[in-house]
Structures are given as C-alpha cells and as structure tokens.
Amino acid sequence: MFRSFTVVAENSNMSKEMQELQKQWHSIVQSMHSNSNVVAFMNSRVGQYLDDHPFIALSLLVFIAVSAIPVAFFLIFIVVTAIMACIGVIVMEGVVIAIGGISLLCVLCGLGALSLGVSGVLSICYIVLSSLVNYWYASRDQIRKQEVNGSLPQKSSVLDLSANNGKNE
C-alpha cells in the first residue's frame with residue numbers, strides 16, 4: 001500500500017546531523033502513516049488512485065499549498081468587508097436616526113407654535129363672538145322689555161351707555 005523510501009547512503013559520506021535528520025523525518029512519516037485518518041483516506045478510492053499516480057498527487061498537493069494563500073487573503077477580505085459594512089451600517093443608521101430625530105424635533109416645535117397660535121386665534125374668536133352674542137341677546141331683551149313697558153331706555157345701565165356712545169359718534 002505505501003511505498004517505502006529507503007535512503008541508500010554510506011555511513012562514511014553521511015554526517016551525524018544528516019542521520020539525525022533522517023531519523024526525525026522517518027518518525028514523522030511513520031506517525032503520519034499510523035494516523036487513523038490517513039489510513040482511512042489511503043484505503044479510499046481517491047487515496048488509492050493518488051497512491052498509484054504520484055505526479056497527480058504532487059500536483060494536487062502543490063495546488064492546495066499555493067492556493068491556500070489567495071484563499072486566505074480572500075477570506076480575510078470577506079471578513080474585513082463584512083465588519084466594515086456592519087460598522088458602516090451602524091454609523092449610517094446612527095446618522096440617519098440623528099437627522100430624523102432632529103427633524104422630528106423641529107417639526108414638533110413648529111406644530112407646538114402653530115397650535116399656540118391657532119388656540120390664541122380660536123380663543124379670541126370665542127371671546128369676541130360670545131360677547132357679540134351676549135350683547136345682541138341683551139339688547140333684544142331690553143328692547144322687548146321697553147316695548148312691553150312702553151318706557152324709554154334707562155340711562156343707568158351699562159348697555160345703554162355703550163349704545164348712547166355709539167349713537168353720539
């Protein structure tokens with residue numbers, strides 16, 4: 001299943017450091033081959049195909065290694081863009097809410113002033129109209145009393161004084 005790689009070297013040509021490095025490499029390869037995930041992958045159809053075609057396995061390994069950096073940069077770009085969009089939306093939403101709140105405050109102040117003005121005008125109209133109606137009914141009642149009694153209007157009443165002032169002018 002696994003191809004064994006044996007390093008043929010003479011002890012006289014290889015230094016002790018190289019032998020130590022070879023031992024470390026061999027222990028890493030053995031730990032990889034004894035990993036249950038690697039064994040399961042190598043027993044699958046894809047693992048057997050890649051074991052039979054080492055050039056394709058090497059090409060796939062190189063492609064994955066080389067494409068990892070651009071994919072990582074793209075993912076970082078996506079995360080940063082999403083964070084900036086959230087911050088931008090929050091800031092933009094805050095600005096829009098602030099502008100809307102200030103606009104609402106201005107509109108409510110204007111409506112308050114308008115309602116005070118309209119209330120003032122309506123109050124004045126009520127006072128004037130009620131005074132006119134009271135004067136009109138009072139003068140009608142006084143004219144009726146005069147017709148019934150057959151007497152002249154009395155000079156002591158307040159309404160008579162205002163009526164006389166109107167006639168003199």
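Throughout, residue positions are numbered sequentially from 1 according to the sequence presented.
- Within 6.0 Å of atom CD1 in I69, 12 or fewer heavy atoms from other residues, nucleotides or ligands are found, so the atom counts as exposed in its surroundings.
- Tracing side-chain contacts under 4.5 Å through hydrophobic residues (I, L, V, M, F, W, Y), one never reaches L116 starting from L108; they form parts of separate clusters.
- Residues forming a side-chain contact (heavy atoms from CB on, under 4.5 Å) with V107 (at least two apart in sequence, or on another chain): L111.
- Remark: F41 pairs with no residue by the ring pair (Phe, Tyr, Trp, His ring centres under 6.0 Å) rule, at least two apart or across chains.
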* Please lay out, stage by stage, how M42 and V39 fare under the test side chain to side chain contact (heavy atoms under 4.5 Å, CB included). => CA-CA 5 Å; M42 291 308 288; V39 171; 5.9 Å; no
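- Residues forming a side-chain contact (heavy atoms from CB on, under 4.5 Å) with R140 (at least two apart in sequence, or on another chain): W136, Y137, R144.
- Under the side-chain contact (heavy atoms from CB on, under 4.5 Å) criterion, I127 pairs with S131, sequence neighbours left out.
- Listed by chain and number, the residues in a side-chain contact (heavy atoms from CB on, under 4.5 Å) with E17 are S15 (sequence neighbours excluded).
- Within the hydrophobic cluster formed by Ile, Leu, Val, Met, Phe, Trp and Tyr side chains joined at under 4.5 Å, directly or through other members, W25 is accompanied by V29.
- Contact annotation: the side chain of M18 never approaches that of Q22 to less than 4.5 Å [non-hydrogen atoms, C-beta and beyond].
- Of the listed residues (T81, I76, L75, I83), just one forms a side chain to side chain contact (heavy atoms under 4.5 Å, CB included) with V79, and that residue is I83.
- Under the 4.5 angstrom side-chain criterion for Ile, Leu, Val, Met, Phe, Trp and Tyr, the cluster partners of V66 are L58, V62.
- In terms of hydrophobic clustering, with Ile, Leu, Val, Met, Phe, Trp and Tyr side chains grouped at heavy-atom distances under 4.5 Å, I64 and Y49 are assigned to a common cluster.
- Distance check, rounded to the nearest 0.5 Å: CG of L105 to CD1 of I102 gives 8.0 Å.
- M32 shares a hydrophobic cluster with I28; the chain of contacts runs through ILVMFWY side chains whose heavy atoms sit under 4.5 Å apart.
- Expressed to the nearest 0.5 Å, how far CD1 of I124 lies from OG of S119 amounts to 11.0 Å.
- Cluster note: V89 groups with no other residue, as no ILVMFWY side-chain heavy atom lies under 4.5 Å from it.
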